[in-house]
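Notes follow once the structure below has been shown.
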Amino acid sequence: MSETMKAMLVERTGTPDVMQLRDVPRPAPRAGQVLLRVEAVGVNFADVLNVAGQYLTAPKLPHIPGMELAGTVEALGEGVSGVQVGQRVAALGGTGGLAEYAAVPAAGLVPVPDSFTPAQAAAFPVSYMTAYHALKTLGRGEAGEWVLVQAAAGALGTASVQLAVALGMKVIALASTEEKLQIARDLGADVTILQDDPERVQKVREAAGGQGVPLLLEVVGGARFEESLKMVAPLGRIVFIGNASREEVSLNPAALMKRNISVTGLWLTSLMTDPRISAAAAQGLTPLIASGKVVPQVGPTYALTDSPRAFQDMLDRKTTGKVIIEPQR
């Protein structure tokens, strides 16, 4: 095995084209880590923000992006048990995924069902764990309740629609085009509305019985957040997962108090540090995967050298499902 590998390196933050293909040392797994031959990387909007230097935590430069990946275990670091060389796994590695090999924490490994392709395995951990925590852990969603899913054709959106339907919830999906709304309908959404429909607030409220939705998954933020407050029902819950608009969000506490609305922030990275919460999510997701009710929606795939284009396509809202990069391609 060569001592070097191909990787996308970020030496300064900025637009996606700051990523450059480089020959870098192949990592060796440290204690508590495994070395993966990376077969697929799931790209998240958080990766795009990280490259831009706009994520919740500042990146250490230089670094290799890619927090969600899937591949085959090549070597075990000291003290690692419960995983074998040659085993197929998905992983939450934090960074390092956009490379031919990656050393990742063994604690962040996710078993891969035999039915999953590498792309499906890479599309699963971040989006579906986040969706589960949004709907259940923090959102406290119940069967029969209405939930509003924004950007419903994206990676997190398709995961949220699928999971909500599998959990017996009723789904209102927002998306930017009719083609994207059709994706949400195919996944079981009950009501679909164009996100720029001038009557979107009224249509959401009416669809959910007149007063709004009990649960709303917020990913757009910015000026649209004021509309979210109008679309959620009294005593409703808003789970703030993302701020795709990258605009500052203004929140007047009086708007929450008047209708007894709760707003909760969700960051998967910090939630994953609690093993009890992670175990509960895995326990909730496992039967849904086994039953086939949850199948990761793979979007366009790119070669490692095309990573900047993949990131830009996400920024330009040209993609649906999970964007996948294949380092071995």
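The chain is numbered in sequence order, starting from 1.
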- Go through the steps to decide whether Thr130 and His133 satisfy the test side chain to side chain contact (heavy atoms under 4.5 Å, CB included), and finish with yes or no. CA-CA 5 Å; Thr130 299; His133 287 309; 6.0 Å; no
- For side chain to side chain contact (heavy atoms under 4.5 Å, CB included), just list the numbers for Gln297 and Leu187, CA-CA rounded to whole Å, side-chain angles, deciding distance to a tenth of an Å, and then say yes or no. CA-CA 10 Å; Gln297 301 299 295; Leu187 293 174; 3.8 Å; yes
- Message: Tell me the closest heavy-atom pair linking Leu36 and Ala91, and the distance in Å.
- Response: CD1-CB, 4.0 Å
- Task: Can you sort out the partners of Lys203 under side-chain hydrogen bond (donor to acceptor under 3.5 Å, both in side chains), two or more places apart, ordered by chain and number?
- Result: Asp197
- Item | Pairing residues for Pro287 by the side chain to side chain contact (heavy atoms under 4.5 Å, CB included) criterion, not counting sequence neighbours | none
- Shortest non-hydrogen separation from Leu35 to Tyr101 and the atoms involved: CD1-CB, 4.0 Å
- Distance (rounded to the nearest 0.5 Å) between Thr4 OG1 and Arg22 CZ: 14.0 Å
- Message: With clusters defined by side-chain heavy atoms of hydrophobic residues (ILVMFWY) lying less than 4.5 Å apart, directly or transitively, does Val161 cluster with Leu148?
- Response: no
- Message: For Thr72 and Arg37, which I'm curious about, is there any donor-acceptor pair between the side chains at under 3.5 Å?
- Response: no
- Message: Lys180: which residues meet the salt bridge (Lys or Arg N to Asp or Glu O under 4.0 Å) condition with it, sequence neighbours left out?
- Response: none
- Partner set under side chain to side chain contact (heavy atoms under 4.5 Å, CB included) for Ala99, not counting sequence neighbours: Met5, Ala7, Ile64
- Co-membership, hydrophobic cluster, residues Leu194 and Met231, 4.5 Å side-chain: no
- Message: Restricting to non-hydrogen atoms, name the atom on Val112 and the atom on Ala90 that form the minimum distance, rounded to 0.1 Å.
- Response: CG2-N, 3.3 Å
- Item | Smallest separation among heavy atoms of Leu138 and Val239, with atom names | C-CG2, 4.4 Å
- Query: Does one side chain, of Tyr302 or Asp313, offer a donor that lies under 3.5 Å from an acceptor on the other?
  - Reply: yes
- Query: If you group Ile, Leu, Val, Met, Phe, Trp and Tyr by side-chain heavy-atom gaps below 4.5 Å, do Val294 and Val147 land in one group?
  - Reply: yes
- Under the criterion side chain to side chain donor-acceptor pair (under 3.5 Å), which of Thr301, Asn44, Thr158 is the partner of Lys322? Asn44
- Query: Any chance the side chains of Glu178 and Gln182 put a donor and an acceptor closer than 3.5 Å?
  - Reply: no
- Identify the residue among Asp306, Val41, Leu304 that makes a side-chain contact (heavy atoms from CB on, under 4.5 Å) with Met8. Leu304
- Task: Could you tell me whether a side-chain N or O of Glu326 sits under 3.5 Å from a main-chain N or O of Ala40, the two making a donor and an acceptor?
- Result: no
- Item | Nearest heavy atoms of Ala281 and Met129, plus distance in Å | CB-CE, 3.9 Å
- Item | Side-chain donor/acceptor of Arg329 to backbone N/O of Glu39, under 3.5 Å | no
- Message: Can you give me the closest heavy-atom contact between Met169 and Leu215, atom names plus distance?
- Response: CE-CD2, 3.9 Å
- Query: Does the distance from a Lys or Arg side-chain N to an Asp or Glu carboxylate O, for Glu100 and Arg26, drop under 4.0 Å?
  - Reply: no
- Report the C-alpha separation of Val220 and Asn243 in whole Å, then their side-chain angles, then the decisive distance to 0.1 Å, and conclude whether the side chain to side chain contact (heavy atoms under 4.5 Å, CB included) test is met. CA-CA 5 Å; Val220 177; Asn243 187 30; over 6 Å; no
- Task: Could you state whether Leu229 and Val219 fall into the same hydrophobic cluster, counting links through intermediate Ile, Leu, Val, Met, Phe, Trp or Tyr residues with side-chain heavy atoms under 4.5 angstrom apart?
- Result: no
- Who passes side chain to side chain contact (heavy atoms under 4.5 Å, CB included) against Pro214, sequence neighbours left out? Glu145, Trp146, Arg237
- Message: Can you list everything that forms a salt bridge (Lys or Arg N to Asp or Glu O under 4.0 Å) with Arg200? Sequence neighbours excluded, please.
- Response: Glu227
- Query: Can Phe311 and Val18 be said to form a side chain to side chain contact (heavy atoms under 4.5 Å, CB included), step by step?
  - Reply: CA-CA 11 Å; Phe311 278 45; Val18 301; over 6 Å; no
- Item | Same apolar cluster (I L V M F W Y, side chains within < 4.5 Å links), Val263/Val201 | yes
- Task: On the 0 to 90° scale, with breaks at 30° and 60°, tag the Phe240-Phe225 ring pair as parallel, tilted or perpendicular.
- Result: tilted
- With a 4.0 Å cut-off, would you call Arg224 and Glu218 a salt bridge? no
- To the nearest 0.5 angstrom, please state how far the CG atom of Leu163 sits from the NZ atom of Lys136. 11.0 Å
